[in-house]
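We name chains A, B, ... by the order of the sequence lines, and we start the count at 1 in each one.
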Amino acid sequence: MLDPQLLRNSLDEVAEKLLIKGYQLDKNEFSELESQRKALQLQVESLRGNRNIESRKIGLAKAAGEDIQPLLDAVASMGNELKSSEIALDSLQEELHELLAGLPNLPHESVPAGKDENDNIELRRWGEVKEFSFEAQDHVGLGAFKGMDFETAAKITGSRYVVLEGELAAMHRALTQFMLDTHSRKNGYTETYVPVIVNADSLRGTGQLPKFEEDLFKLNTEHDNYLIPTAEVPLTNILRDEIISADQLPFKRVAHTPCFRSEAGSYGRDAREMIRQHQFEKIEMVQARRAEDSWQALEELTGHAEGILQALGLPYRVVNLCGGDLGFGAAKTYDLEVWLPGQQAYREISSCSNFESFQARRMQARWRNPETGKPELLHTVNGSGLAVGRTLVAVMENYQQEDGSIVVPEVLRNYMGGVEKILA
RNA sequence: GGAGAGGUGGCAGAGUGGUCGAAUGCACCGGUCUUGAAAACCGGCAUAGGUUUGUAGCCUAUCCAGGGUUCGAAUCCCUGCCUCUCCGCCA
């Protein structure tokens, strides 16, 4: 959520920046609602003030043993006027709040203009794209005889799920172990186990609700519970309605969870591959920082995600998302795209974003500044480190041999009982 | 799932209809004392919104949340959520 003060004081600038993200703000609607709000709120508060004064008089008169009936008569009509004004104010404020909650975050000044992924800016590349002396297969072909089974998953559940078996399943697990260990033991994140079922308040806090409910799996329980689309939701909501002390900063958490996305709509080829699944594993890093540290934290966290790709020897590039491709709550996002020889393309494997105070304001996540003694909104930064399924795909395709076997990257071997190669 | 108890400021814990935003203690901050520290003593110490040039003042709201009763609710009533105790079930 944006700062309401900012909208009141700098409506034109806000509208201009929202346009970069492709959002058209109705300035007149906002100004109109806002001026009505102001008038009504003033009215309600002064009516309440009067009532409080009169009520106090009644109390005093009663205590003094005086006749309070005249005072009661004087106050009799106050209630109705107050009530109707309160009702009007409530509905107006709800309308304003909905408008505000529906506004995306403002893009950082370093975000390039543009309307879709074609306008994203490539910042750097790492690693050498390997030339194969044979025709490289994609992971579907490679996995067919090694335990990557989409048909059985379709029988058990439906499309866009997968069953992994044997060494592929082991490598999938090895990847999560390696990533978790790296981020917790080397990069300073506290490993955290979290619920993968969350309530609506948590999803509102991180911004998935109210706008993106169709992307979520909602449970058929008597409460409003959902499966998480990312561990960002439970990890960030640890801080909801909290005021933490300065010595608890920086707040750095990492978790490994399954993620669930309903992904309504078709993405063609992706659906038949292990690229866009309804259920997938992800390692998620979340940081909460004081405002002045968040941009440095984004660079740092992106580096942590890159470190995994580098340790695995997977070529990738870093992309600065343009305004139109930026997510709802992000002020800036770096996508890491890994090279997939089977597709001859770079594909997203991590997304690292700074939300500034956007999420923190929604969930009232604050820290107490010892210099002022006052609570201040935190800035939240998060990113995948990495999406495990897609990493498995990338390893398979980049480490394939002519005979269809897959060499196990050095750093994973300890996690796989020393296996060096997954045979065809 | 059944029965009962309870949710008050950073923490502990008073407060059952009337200047209660809330006693007291601890913690924290400032001061006195001290060579320094501790102790003791004095003072301060919630959050949000509005108004305003204003971190001043004033106003409003907030004692888990949402409704209700009342001139007036931390206090009474209803609903929800959460916690605890006992029983049942269970990986």
Check your understanding: Is there any salt bridge (charged side-chain N to carboxylate O under 4.0 Å, His left out) pair reaching into residues 179-193 of chain A, and which pairs are they, with sequence neighbours excluded?
Key ->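 Checked against salt bridge (charged side-chain N to carboxylate O under 4.0 Å, His left out) - neighbours excluded - the pairs reaching residues 179-193 of chain A are A/D181-A/R185.
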Using whole Å, report how far [atom1] of [X] lies from [atom2] of [N].
X      : N      : atom1 : atom2 : value
A/I58  : B/rG17 : CD1   : C1'   : 13 Å
A/L377 : B/rA48 : CG    : C1'   : 12 Å
A/Q69  : B/rC71 : CD    : C1'   : 10 Å
A/R56  : B/rU60 : CZ    : C1'   : 12 Å
A/M1   : B/rA48 : CE    : C1'   : 12 Å
A/L100 : B/rG49 : CG    : C1'   : 14 Å
A/R361 : B/rU47 : CZ    : P     : 17 Å
A/Q364 : B/rA46 : CD    : P     : 18 Å

Check your understanding: side chain to side chain donor-acceptor pair (under 3.5 Å) with A/Y316: which of A/R347, A/E337, A/E348, A/E306?
Key -> A/E306
Practice item. For side-chain contact (heavy atoms from CB on, under 4.5 Å), just list the numbers for A/W367 and A/R290, CA-CA rounded to whole Å, side-chain angles, deciding distance to a tenth of an Å, and then say yes or no. Key: CA-CA 8 Å; A/W367 68 289; A/R290 45 184 84 187; 3.6 Å; yes
Considering only atom [atom1], compute the distance from [N] to [M] and round it to an integer number of Å.
N      : M      : atom1 : value
B/rU16 : B/rC77 : P     : 14 Å
B/rU24 : B/rG9  : C1'   : 13 Å
B/rC84 : B/rU70 : C1'   : 34 Å
B/rA40 : B/rC33 : C1'   : 9 Å
B/rG6  : B/rU60 : P     : 34 Å
B/rA14 : B/rA23 : P     : 14 Å
B/rU69 : B/rC78 : C1'   : 11 Å
B/rU75 : B/rG66 : P     : 13 Å

Practice item. Could you tell me whether A/K38 contacts a base, only the sugar-phosphate backbone, or nothing, with contacts defined as non-hydrogen atoms closer than 4.0 Å? Key: sugar-phosphate
From the options [options], select the nucleotide whose nearest atom is closest to the side chain of [X].
X      : options                : answer
A/R368 : B/rG49, B/rA46, B/rG18 : B/rA46
A/P375 : B/rG50, B/rG18, B/rU47 : B/rU47
A/Q5   : B/rG50, B/rU51, B/rC71 : B/rG50

Examine the side chains of [X] and [Y] and answer whether a donor and an acceptor come within less than 3.5 Å of each other.
X      : Y      : answer
A/T192 : A/R253 : yes
A/Q343 : A/E273 : yes
A/N120 : A/D325 : yes

Protein and nucleotides 64-69 of chain B: nitrogen or oxygen contacts under 3.5 angstrom:
none

Is [N] paired to anything, Watson-Crick or G-U wobble with both distances less than 3.5 Å, and if yes, which nucleotide?
N      : result
B/rG6  : B/rC82
B/rA38 : none
B/rG43 : B/rC29
B/rC71 : B/rG18
B/rC90 : none
B/rU60 : B/rA48
B/rA12 : B/rU24
B/rU55 : none

Exercise for review: In sequence, state the C-alpha distance, the side-chain angles, and the governing distance for A/S405 and A/K421, and then conclude on side-chain contact (heavy atoms from CB on, under 4.5 Å).
Suggested key: CA-CA 7 Å; A/S405 63; A/K421 198 187 244 189; 3.6 Å; yes
Review point. Ring centres of A/F355 and A/H379 under 6.0 Å apart?
Key: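 No, ring centres 6.0 Å or more apart.
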Study note, to complete from the structure: Those residues at least two apart in sequence (or on a different chain) that pass side chain to side chain contact (heavy atoms under 4.5 Å, CB included) with A/A200 are A/R204, A/L209, A/D224, A/Y226
Exercise for review: Using heavy atoms and a sub-4.0 Å distance, could you list which residues of residues 40-53 of chain A are near RNA chain B? By number, please.
Suggested key: A/Q41, A/L42, A/E45, A/R48, A/G49, A/R51, A/N52
**Study point:** Which atom of A/P112 lies closest to which atom of A/L321, heavy atoms considered
**Key:**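 Result for this residue pair: CD-O, 3.5 Å.
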**Study point:** Presence of A/R366 side-chain N/O under 4.0 Å of B/rA48 phosphate oxygens OP1/OP2
**Key:** yes
Point to revise | Qualifying ring pair (Phe, Tyr, Trp, His ring centres under 6.0 Å) pairs, either residue in residues 227-262 of chain A, two or more places apart | key: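 Listed once each, the pairs would be none.
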Point to revise | Upstream residue (5' side of RNA chain B) when A/L72 and A/K62 are each assigned their closest nucleotide | key: A/K62
Check your understanding: Between A/G59 and A/E54, which is nearer to the 5' end of RNA chain B once each is assigned its nearest nucleotide?
Key -> A/G59
Exercise for review: Could you list the residues that satisfy ring-ring contact (aromatic ring centres under 6.0 Å, His included) with A/F328, not counting sequence neighbours?
Suggested key: A/F212, A/F358
